[in-house]
Structures are given as structure tokens and as C-alpha cells.
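Since the structure comes first, as C-alpha cells, the remarks are kept for the end.
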Amino acid sequence: MENKKYSLRYLPLFKKDLLETVNYIAHDLQNPLAAEKLVYDVEAAIMERLNAPLSFQPYRSAKQRELPYYRISVNNYSVYYVVIDDVMEVRRLIHNRRERTVLL
């Protein structure tokens with residue numbers, strides 16, 4: 001089996017999600033260590049998945065999509081991405097208790 005190399009791209013919406021989440025945890029909840037750990041855990045999970053992003057089952061969605069979404073679970077959050085040719089495009093970071101059908 002061929003080992004295909006994938007590049008990584010982050011959508012601005014994902015960066016916004018991450019920044020808002022980190023700010024909320026660090027400032028509103030006053031737990032900067034937990035915020036830092038979340039960033040580390042999200043980055044590690046994404047980098048691990050980059051080795052074989054299509055090796056996982058697509059996220060089931062009622063919405064018709066041009067490209068299937070994939071999900072990475074990280075603590076109480078989910079990272080959503082798509083694969084476009086040889087690019088893993090990270091699109092959203094959503095807390096598991098939020099309404100994903102509206103946000104995706």
C-alpha cells in the first residue's frame with residue numbers, strides 16, 4: 001500500500017473556534033493550564049491523523065456534502081476535517097454538547 005503524504009491546511013473558522021475556546025477556558029474559567037493542554041491535545045491529534053486521514057469512517061451527516069467530513073475526538077471537543085486531493089483541511093472545533101448539525 002502506497003504511503004501518501006498529506007499537507008495540512010486550517011480554515012480561518014477553525015482558528016476562530018480554537019481561539020474562542022482557549023480564551024473561554026483561560027479567562028472565563030480561569031484555567032490557563034487546561035487551555036494550553038487543549039491546544040496541545042488538538043495539535044497532537046491532528047498531526048497523528050495527518051498520517052492517514054482517510055483511514056477512518058466519515059462522519060455521518062444528514063446534510064448533503066460535496067466532500068465527506070471526518071471527526072477527531074479530543075477530550076470534550078471534536079475536530080472536523082475534509083480531505084481534498086492531498087490536503088487535509090481542518091474546518092471546525094466544536095464542543096460535543098453544542099448542536100453540530102447547525103454548526104457544520
Side-chain angles (χ1 to χ4, degrees):
M1 186 169 169
E2 181 182 339
N3 285 341
K4 187 173 182 179
K5 292 277 188 183
Y6 291 89
S7 59
L8 186 58
R9 176 172 52 225
Y10 296 97
L11 287 189
L13 187 54
F14 169 79
K15 293 177 182 180
K16 181 179 179 273
D17 290 343
L18 183 60
L19 183 61
E20 287 176 356
T21 301
V22 166
N23 282 336
Y24 174 75
I25 294 169
H27 301 291
D28 294 2
L29 299 181
Q30 298 182 357
N31 195 341
L33 292 177
E36 185 177 324
K37 182 179 181 330
L38 178 64
V39 171
Y40 174 82
D41 291 347
V42 166
E43 181 180 15
I46 291 169
M47 295 311 292
E48 183 177 335
R49 183 66 63 96
L50 186 60
N51 294 321
L54 294 172
S55 296
F56 298 85
Q57 183 172 353
Y59 172 73
R60 289 186 180 194
S61 174
K63 195 182 286 188
Q64 284 288 69
R65 302 179 188 282
E66 183 178 335
L67 299 167
Y69 272 57
Y70 295 86
R71 181 174 74 159
I72 306 170
S73 295
V74 181
N75 303 328
N76 293 325
Y77 294 86
S78 292
V79 175
Y80 294 91
Y81 68 92
V82 298
V83 177
I84 305 168
D85 298 323
D86 63 346
V87 177
M88 180 176 153
E89 183 178 86
V90 181
R91 294 190 167 184
R92 295 299 311 254
L93 174 73
I94 301 173
H95 192 279
N96 290 337
R97 289 195 173 176
R98 300 225 24 220
E99 185 59 49
R100 290 181 291 266
T101 57
V102 173
L103 298 171
L104 285 178

Starting at [atom1] of [X], measure out to [atom2] of [Y] and round the result to the nearest 0.5 Å.
X     : Y     : atom1 : atom2 : value
Tyr77 : Leu18 : OH    : CG    : 9.5 Å
Tyr59 : Arg71 : OH    : CZ    : 6.5 Å
Thr21 : Leu93 : OG1   : CG    : 5.0 Å
Leu54 : Tyr6  : CG    : OH    : 4.0 Å

Would a hydrophobic clustering, with Ile, Leu, Val, Met, Phe, Trp and Tyr connected at side-chain separations under 4.5 Å, put [X] with [Y]?
X     : Y     : value
Leu33 : Leu19 : no
Val79 : Leu38 : yes
Val39 : Val74 : yes
Ile94 : Tyr69 : yes

Self-check item: Shortest non-hydrogen separation from Ala45 to Ile72 and the atoms involved
Solution: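 Distance-wise, the nearest heavy atoms are CB-CG2, 3.7 Å.
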Quiz prompt | Nearest heavy-atom neighbours spanning Ala34 and Ile25 | solution = CB-CG2, 3.9 Å
Quiz item: Tyr81 side chain to Pro53 main-chain N or O, any donor-acceptor pair under 3.5 Å?
Solution: yes
Self-check item: Main-chain N/O of Asn76 paired with Asn96 side-chain donor or acceptor, under 3.5 Å
Solution: yes
Practice problem: Hey, could you give me each pair passing salt bridge (Lys or Arg N to Asp or Glu O under 4.0 Å) that has a residue in residues 31-40? Not counting sequence neighbours. | Solution: Lys37-Asp41
Quiz item: Tell me the salt bridge (Lys or Arg N to Asp or Glu O under 4.0 Å) pairs involving residues 11-22, sequence neighbours left out?
Solution: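 Qualifying pairs, neighbours excluded: Lys16-Glu20, Asp17-Arg92.
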Quiz item: Please, which pairs that meet ring pair (Phe, Tyr, Trp, His ring centres under 6.0 Å) have at least one residue in residues 13-49, sequence neighbours excluded?
Solution: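 The answer is Tyr10-Phe14.
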Quiz item: Under 6.0 Å from the CG atom of Asp85, do we count more than 12 heavy atoms belonging to anything else shown?
Solution: no
Exercise. Side-chain contact test, heavy atoms from C-beta onward, threshold under 4.5 Å: evaluate it for Leu8 versus Met47 and give yes or no.
Key: yes
Practice problem: Report yes if some heavy atom in the side chain of Met88 is under 4.5 Å from a heavy atom in the side chain of Ile46; otherwise report no. | Solution: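 SC-SC contact between Met88 and Ile46 confirmed.
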Quiz prompt | Six-ring centre of Tyr70, Arg49 cation under 6.0 angstrom, axis tolerance 45° | solution = no
Quiz item: Of Ile84, Leu67, Val83, which is the lone residue that meets side-chain contact (heavy atoms from CB on, under 4.5 Å) with Glu89?
Solution: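 By the side-chain contact (heavy atoms from CB on, under 4.5 Å) criterion, Glu89 pairs with just one of Ile84, Leu67, Val83: Ile84.
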